[in-house]
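Pasting a structure here, questions to come.
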Protein chains: 2
Amino acid sequence: MAKRISQDQIAKELGVSQSLVSLVLNGRREGVAEESYKMIWAAALKQGYVPRGGMHPMHAPDVQHSYVGVVMRAGLALAAQSNTFSHVSHGLFTALQHLNISLAFLGGEGDLDETKLFEVVSRRDPLLGIVILGEVKEPFMQALGELELKLVSVYASSPGLCHSIVPNDKQSVEQLVDHLVALGHTRFAWLGGNAKLGRNRLRLAALKERLAARDLLLDDRYVVNAEGAERQDGFDCAAELMRRAEGQNMPTAWVCHNGLIARGGLQFAYLRGIKVPGEISIAAVDRTRACTEIHPYLTSAASDPELIGAEAAKLLRSQPEEIGQWNKMFIDLVAPSLFEAGETSATRPE
Amino acid sequence: MAKRISQDQIAKELGVSQSLVSLVLNGRREGVAEESYKMIWAAALKQGYVPRGGMHPMHAPDVQHSYVGVVMRAGLALAAQSNTFSHVSHGLFTALQHLNISLAFLGGEGDLDETKLFEVVSRRDPLLGIVILGEVKEPFMQALGELELKLVSVYASSPGLCHSIVPNDKQSVEQLVDHLVALGHTRFAWLGGNAKLGRNRLRLAALKERLAARDLLLDDRYVVNAEGAERQDGFDCAAELMRRAEGQNMPTAWVCHNGLIARGGLQFAYLRGIKVPGEISIAAVDRTRACTEIHPYLTSAASDPELIGAEAAKLLRSQPEEIGQWNKMFIDLVAPSLFEAGETSATRPE
DNA sequence: GACACATTTTAATAAATATAAGTTGACGAG
DNA sequence: CTCGTCAACTTATATTTATTAAAATGTGTC
């Protein structure tokens, strides 16, 4: 164990008096140059100065209170609707709660720069680790890596940088396709969201692949993608799809990027008087509340986001020796997908 | 400012030696009775002992890193759908972010007992205060009060216990009624949610009152309440309403407890082939994403939940002298309601 | 009653930190 | 120039905390 550092050592290193260091660390600003103030604090932090007087939270009885930080990919707000990440947070939250660990939202990718990240880490209450929700940019990930904290990436993997837990989208799509094919469907459509994110491509590719395996083809005209991934996007996708299918053999099986897209598509169908699941079947890669918020429940398949959150908690809690050195060996967990037949799919109409 | 306490004082009070206090606060457990260990820590925490050596995060330059805790009323999960509180959290979050204050979810009313609350407060990273979302039980509120922290209650007021910020539901309902009456509607219905919470009664009372002021009567048969306040509840309310109105003059203006109820009602209308807003108009006390998640946008009025969150942040940050002594004089803020004409209301059909 | 053992105190001191009082040097006014 | 003033420090010292060794206290055991 490194021996503790004293104010005197800091003072000597900086060429000032111990008194000044003491004043500064106690927050005295009057009569102290701003420059000195910052310099002394920076030195104290860097050298890992710990005040005497004890009382480090680490030693408090019973309590081992610490917290886990959460950062979100760019473009996501805390108030995001029924989106997957609120379920993930919930899973994380409940898993950590028993251990007296709380969850702090540190911000989104866009809000945090290196300075802010550093500040977060230099707090005293022990920060157990950080969970990253979604796909963030490489440099941001790098900056996080330099914090030397436990990191877990959720819904995106960062090979060589941290552990990750991702849903098994391939399996989800396969389950949906298999279900729909079993019901007799042959003409498929893809209603995609978040066109720019990798998850869209991944799911679409899985769809094409599985259909191919069943000797079916996904007509490119029936691949519709939207920028976002919310209800209105689903509605718009459905509208676009119908325009493209005008006068032709309509696809009877709509596979949707997520539940909100599916709900939007469903609403479009209601307005057009299209029967679901009488005329078309709708299925979504989803396992959020959107699936069961109201009847008809969605036919859906996805990895349980709460489970993913809970697993993230486990990864954070696990000791280095259990799962290899942090910052050395990384685990990529893939959460299994669960299929749930809902009320939006039925046998293909004649 | 209370003068700082020394280990010696703690020792004297407990009738032990200063050495022992020093040992304990530095985490020494060998050769120290478990009982003493806990006793000393408890005393140190209670008396607000602060180790010397300075470096309280509060004084770090630039950084004023601390956090605000959030607790939720019983029955709410973090993953709650598009509910108001996620908007409030978002408002809080963005308001605090600029100040380098982060948001930590401490749990729900049900998850936290006094011990846990105490632990939360005894962390060292400065906990700026706690925001309570929704109606919590009296004893829980009392327990919170004893923490001597800044408290702000949101969406429920706790006279004499803490500051609060509540929406102006009365005004919201008035705006909706005035709008609908101006469109010629005379037969109103109430689709209510969260039947057991005070907010339901408050809104319903406001509705009756405003209708009375316009010489209109709310027929009790057209007052439908559900246990929850989600989409399916809205659907069910609408179904129940239609059953009750069978063969009679249907109400043409549905006032909904919130946006999700309204969406559920809307879906019911779609399925029944009822035109909205051709045959009936739907309006909701709401200002969440549910209003604009998809077309038709809801006609709605409510206090902006993000604004409420931002105001909560202000209340937490304000200094005692600005707004009276904490724990003495309490402010009850009422956030103004904003009306937004949407696509679900139109003139009364003939 | 004597011994082993855990817990705590006493006492003494070293080490670290807080703080009052004093120094320094820069700057502006007269 | 020289005096006063002030911000920014330092010095010196008082106070507090850490650490150690030795002694005391109590508790159970043989």
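Throughout, a chain's letter reflects where its sequence line sits, starting with A, and its residues are numbered from 1. Below, all heavy atoms of this structure are taken into account, side chains as well, without hydrogens, waters or symmetry copies.
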**OP:** Using only side-chain N and O atoms of Tyr49(A), determine if any of them is under 4.0 Å from OP1 or OP2 of dA16(C).
**Re:**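 Checking Tyr49(A) against dA16(C): no side-chain N or O falls below 4.0 Å of OP1 or OP2.
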Those residues at least two apart in sequence (or on a different chain) that pass side-chain contact (heavy atoms from CB on, under 4.5 Å) with Glu30(A) are Arg28(A)
Task: Residue pair Val88(A), Tyr155(A): steps toward the side chain to side chain contact (heavy atoms under 4.5 Å, CB included) verdict - done: CA-CA 10 Å; Val88(A) 175; Tyr155(A) 276 71; 3.9 Å; yes
- Looking across every strand, which nucleic acid part, if any, lies under 4.0 Å from Ser17(B) by heavy atom: base, sugar-phosphate, or nothing?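 Base contact.
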Between CG of Leu14(B) and C1' of dT8(C) the distance, given in whole Å, is 14 Å
Classify the nucleic acid contact of Val21(A) as base, sugar-phosphate or nothing, counting any heavy atom under 4.0 Å across all strands shown.
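Answer is nothing: Val21(A) stays at 4.0 Å or more from every strand.
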Min and max contacting nt of DNA chain D in 5' to 3' order, chain A heavy atoms within under 4.0 angstrom, are dA8(D) to dA18(D)
| message | Donor-acceptor pair, distance only, cut-off 3.5 Å: does the side chain of Ser153(B) make one with the backbone of Ser158(B)? | response |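 No, because the side chain of Ser153(B) does not come within donor-acceptor range (under 3.5 Å) of the backbone of Ser158(B).
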_Pair Glu311(A)-Val152(A), side chain to side chain contact (heavy atoms under 4.5 Å, CB included): steps then yes or no_ = CA-CA 10 Å; Glu311(A) 286 298 323; Val152(A) 173; over 6 Å; no
Residue pair Asp8(A)/Ser36(B) against DNA chain C: nearer the 5' end by closest nucleotide is Ser36(B)
Interatomic distance where CG belongs to Leu20(B) and P belongs to dT9(C) [whole Å]: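 In whole Å, dT9(C) P lies 5 Å from Leu20(B) CG.
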Atom CG of Leu25(A) and atom C1' of dA16(C) are separated, to the nearest Å, by 13 Å
I'd like to check the salt bridge (Lys or Arg N to Asp or Glu O under 4.0 Å) partners of Asp8(A); sequence neighbours left out, ordered by chain and number.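 For Asp8(A), the residues satisfying salt bridge (Lys or Arg N to Asp or Glu O under 4.0 Å) (neighbours in sequence not counted) are Lys12(A).
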> So, does the side chain of Gln18(A) form a donor-acceptor pair with the base of dA15(C) at under 3.5 Å?
Replying inline: no
(Q) By the 4.0 Å heavy-atom rule, please label Val16(B) as base, sugar-phosphate, or nothing. (A) sugar-phosphate
Letter by letter from the 5' end, nucleotides 20-26 of chain C scores (B base, S sugar-phosphate only, - none; protein heavy atoms under 4.0 Å) -------
Calculate the interatomic distance between Glu34(B) atom CD and dA6(C) atom P; express it in whole Å.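 Computing the Glu34(B):CD to dA6(C):P distance gives 16 Å.
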Hits for side-chain contact (heavy atoms from CB on, under 4.5 Å) against Val166(A), two or more places apart or cross-chain, chain-then-number order -> Ser157(A), Arg199(A), Val334(A)
* Does Glu306(B) come within less than 4.0 Å of Arg287(B), counting only side-chain N to carboxylate O? ->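 Salt bridge absent between Glu306(B) and Arg287(B).
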Rounded to whole Å, CZ of Arg52(B) lies from P of dA15(C) at a distance of 18 Å
Once side-chain hydrogen bond (donor to acceptor under 3.5 Å, both in side chains) is applied, do any residues pair with Asn168(B), and if so which ones, sequence neighbours excluded?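 Scan of Asn168(B) (side-chain hydrogen bond (donor to acceptor under 3.5 Å, both in side chains), adjacent residues dropped) gives Gln171(B).
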When rounded to whole Å, the CD to P distance for the pair Gln7(B) and dA16(C) reads 15 Å
Measure from the side-chain N and O atoms of Gln9(A) to the backbone N and O of Ser6(A), and report whether any donor-acceptor pair falls under 3.5 Å. yes
